[in-house]
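What follows is one structure encoded as structure tokens, with my remarks underneath.
Order of appearance sets the numbers: ligands from 1, and atoms from 1 within every ligand.
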Amino acid sequence: MSCTKRGAEEAVSDRSKPTRPLSRPDPGSAEEAALLRRVLGSSVVAVLVLDRCGQAVYANGQAVEELGIGPAGGVPAEIAAFRWIAVTGKALHDVRCALPEAEDGTRVLSINAEPLTEDGESAPQRVVLSINDITEQYSYYEQALRESEQRLEEAQQIARLGHWFAYQERESGRQRLWWSPVIYDIFGRDPQRFVPSFRRYLRSIHPDDRPMLRARLANASREDGYEVEHRIVRPDGGVRWIRERGKLEHDASGRRRRMFGTVQDITEQKELQRELERRASHDPLTELYNRAKLQQLLHSAQAAYRRHGTPFAIVLFDVDHFKAVNDRWGHTAGDAVLWELARRISGVLRETDELGRWGGEEFLALASYTDEAGGAELAERIRRSAAERPIGQVGTVTVSLGVAGIEPGASLETLEHRADQALYAAKAAGRNQVCRYASLPAGGGR
Ligand SMILES: Nc1nc2c(ncn2[C@@H]2O[C@H](COP(=O)(O)OP(=O)(O)OP(=O)(O)O)[C@@H](O)[C@H]2O)c(=O)[nH]1
């Protein structure tokens, strides 16, 4: 019918007319057999019926043409294997079957297989297979999967982050560990030669971090996971920092299935973090503690004094006539003097003493576990070390020092003020000397 307006109207009015019901062929009739043959013959799905020996007893046109299967072509072993369905009696759906082809190609098939029991038979004698050729889709998805795995691998390389999982091997019951390529890289191991295991992994942990890591891992099963940062030692002796995360995976019934986790190389982050912390607490010129860090140390010392009565003293000192050094030799020479003094004085401190730059050409030493008299001993050592030999062209440089020890009820401000008063007195008394606050005649003296 041509597509005219009238034609369309007729089509509409045709719909209102009662349609003649299609006659259903009698089951088992020659008419039904012919119809089924036509349907099967025009199907794009290859249909094959195998007997219990794997011989094809029927193949539709698609099976013959596309797969070359049929009574004439013979049945490839991979497909003939489906004859077992007749024995097991269990249908299978969407089973992937790879058929090797000439020139190294592979044809990928998706097969539905059903046992076929005919009237009067107690057990299935045949198997009917519907076969779809999915080679194109399969290679497309396989390629896409390969590409996505490659992208994941590249992203992991950039982030220096790998993933792992630990599982129990079903056959042997053994614990197995699987690493992604980046983890081999982080641990400095060759994936061709190194088989990861939990024991080998533990052996790579920095000895100082092992106890902490063991404790965290012991807790991990209770907490369902863990996150920990620790060092590893690579076979070449190199030390790397890693951040490790692990999580337990459970199956649908809540049983522990496997442990999954990530490993990230954070060595650079750690170094940067350490450098930032160092800069926040150190003076860039002398590389000693800065004033902020000294204040923090003083607060800790005072807290210990209040809680446990642990005494401490401070030594405040500055370079004598330093203005003249700058004026005569220049600011750079002055800087070099400060740097050299810092080195010399650091060498005469006890392990529990701290030294920092208080500001300008002024330094502060914190002498722990000692009183003002002990602080004065340290001050004397500092004085001698500063003046022990000339500093380059500048020559001999001296320092004046004021000492004050903590006392009950004295605040840090008071202590600093007392040390400052003592330092002022040392300057006034002719420089290059130590003055204790307790020895001051008026105000400070007792
Ligand atoms: N080169 C250099 N000089 C500094 C630095 N900080 C402070 N100074 C100088 O140290 C000098 C301190 O001078 P004054 O406070 O007059 O003291 P002084 O000349 O040492 O004299 P007395 O302390 O009385 O012995 C000033 O010239 C400051 O510019 C620094 O980081 N580098």
Side-chain angles (χ1 to χ4, degrees), residues 275-298 313-349 353-367 372 375-404 413-445:
E275 177 56 21
L276 289 176
E277 280 167 7
R278 213 190 62 78
R279 284 191 200 178
S281 59
H282 284 74
D283 163 51
L285 170 62
T286 60
E287 294 176 12
L288 298 177
Y289 285 140
N290 59 18
R291 189 173 180 131
K293 177 69 182 178
L294 282 173
Q295 295 279 20
Q296 195 185 324
L297 293 170
L298 288 169
I314 61 170
V315 181
L316 194 63
F317 58 101
D318 89 359
V319 187
D320 296 330
H321 302 303
F322 195 54
K323 187 173 180 313
V325 171
N326 275 330
D327 290 347
R328 175 149 187 222
W329 302 104
H331 208 79
T332 308
D335 284 355
V337 167
L338 295 178
W339 192 87
E340 174 59 19
L341 283 177
R343 304 282 82 69
R344 289 184 188 181
I345 295 166
S346 297
V348 299
L349 299 179
D353 298 338
E354 305 286 5
L355 176 67
R357 188 173 178 198
W358 196 240
E361 84 302 10
E362 214 169 39
F363 297 83
L364 185 141
L366 166 64
E372 194 181 282
E377 281 178 33
L378 169 63
E380 186 53 30
R381 288 206 303 279
I382 293 173
R383 190 194 65 77
R384 279 203 302 271
S385 75
E388 71 185 356
R389 56 195 147 81
I391 299 178
Q393 59 188 7
V394 173
T396 301
V397 168
T398 61
V399 295
S400 298
L401 310 95
V403 189
E413 289 70 35
T414 306
L415 188 69
E416 287 160 23
H417 182 63
R418 288 177 178 178
D420 198 41
Q421 281 177 279
L423 168 59
Y424 186 80
K427 290 273 183 193
R431 296 182 172 80
N432 189 22
Q433 56 190 281
V434 176
C435 186
R436 286 174 56 179
Y437 173 74
S439 324
L440 295 184

Among all protein heavy atoms, pick the one closest to [atom] and tell me residue, atom and distance.
atom	value
atom 4 (C) of ligand 1	F322 CE2, 3.5 Å
atom 32 (N) of ligand 1	D335 OD1, 2.7 Å
atom 13 (O) of ligand 1	K323 CB, 3.7 Å
atom 31 (O) of ligand 1	R357 NH2, 2.5 Å
atom 14 (P) of ligand 1	E361 OE2, 4.1 Å

Q) Hey, are E340 and R343 close enough for a salt bridge, meaning a charged N less than 4.0 Å from a carboxylate O? A)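 Looking at R343 together with E340, the answer is no, because their closest N to O distance does not fall below 4.0 Å.
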Q: Would you mind checking if R384 and E388 are paired as a salt bridge, meaning a charged N to carboxylate O distance below 4.0 Å?
A: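 No, E388 and R384 are not salt-bridged.
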About how many Å separate [atom2] of [Y] and [atom1] of [X], when rounded to the nearest 0.5 Å?
X	Y	atom1	atom2	value
E416	T414	CD	OG1	9.0 Å
L294	L355	CG	CG	7.5 Å
R431	H321	CZ	NE2	4.0 Å

I'd like to check which ligand 1 atoms, numbered from 1 as shown, lie under 4.0 Å from a non-hydrogen atom of [X].
X	value
K427	22 (P), 23 (O), 24 (O), 25 (O)
V319	20 (O), 23 (O), 25 (O)
H321	18 (P), 19 (O), 20 (O), 21 (O), 22 (P), 25 (O)
G334	1 (N)
G360	6 (N), 7 (C)
R431	22 (P), 24 (O), 25 (O)

Q. Does the side chain of R383 reach to within under 4.5 Å of the side chain of V315, using non-hydrogen atoms?
A.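 A side-chain contact under 4.5 Å is absent here.
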Q. Mind checking whether V337 and F322 have side chains closer than 4.5 Å, heavy atoms only?
A.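 V337 vs F322: side chains touch.
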Q: For the pair H282 and Y289, name the ring-plane relationship: parallel under 30°, tilted 30 to 60°, perpendicular over 60°.
A: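 Geometry flag for Y289 against H282: tilted rings.
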Q.
Is it the case that over 12 heavy atoms from other parts of the model lie below 6.0 angstrom from the CZ atom of R279?
A.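 It does not: R279 CZ has 12 such atoms or fewer within range.
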Q: Please indicate whether any nitrogen or oxygen in A324 is less than 3.5 Å from any nitrogen or oxygen in ligand 1.
A: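 In fact, backbone or side chain, A324 has no N or O that close.
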Part of [X] within contact of ligand 1 (heavy atoms, under 4.0 Å):
X	value
N326	side chain
L338	side chain
D318	side chain

Q: Identify the heavy atoms of V394 and A333 that sit nearest to each other, and give their distance.
A: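 The answer is CG2-CB, 4.2 Å.
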Q) Are E362 and ligand 1 in contact, using a heavy-atom cut-off of under 4.0 Å? A)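 No heavy atom of E362 comes that close to ligand 1.
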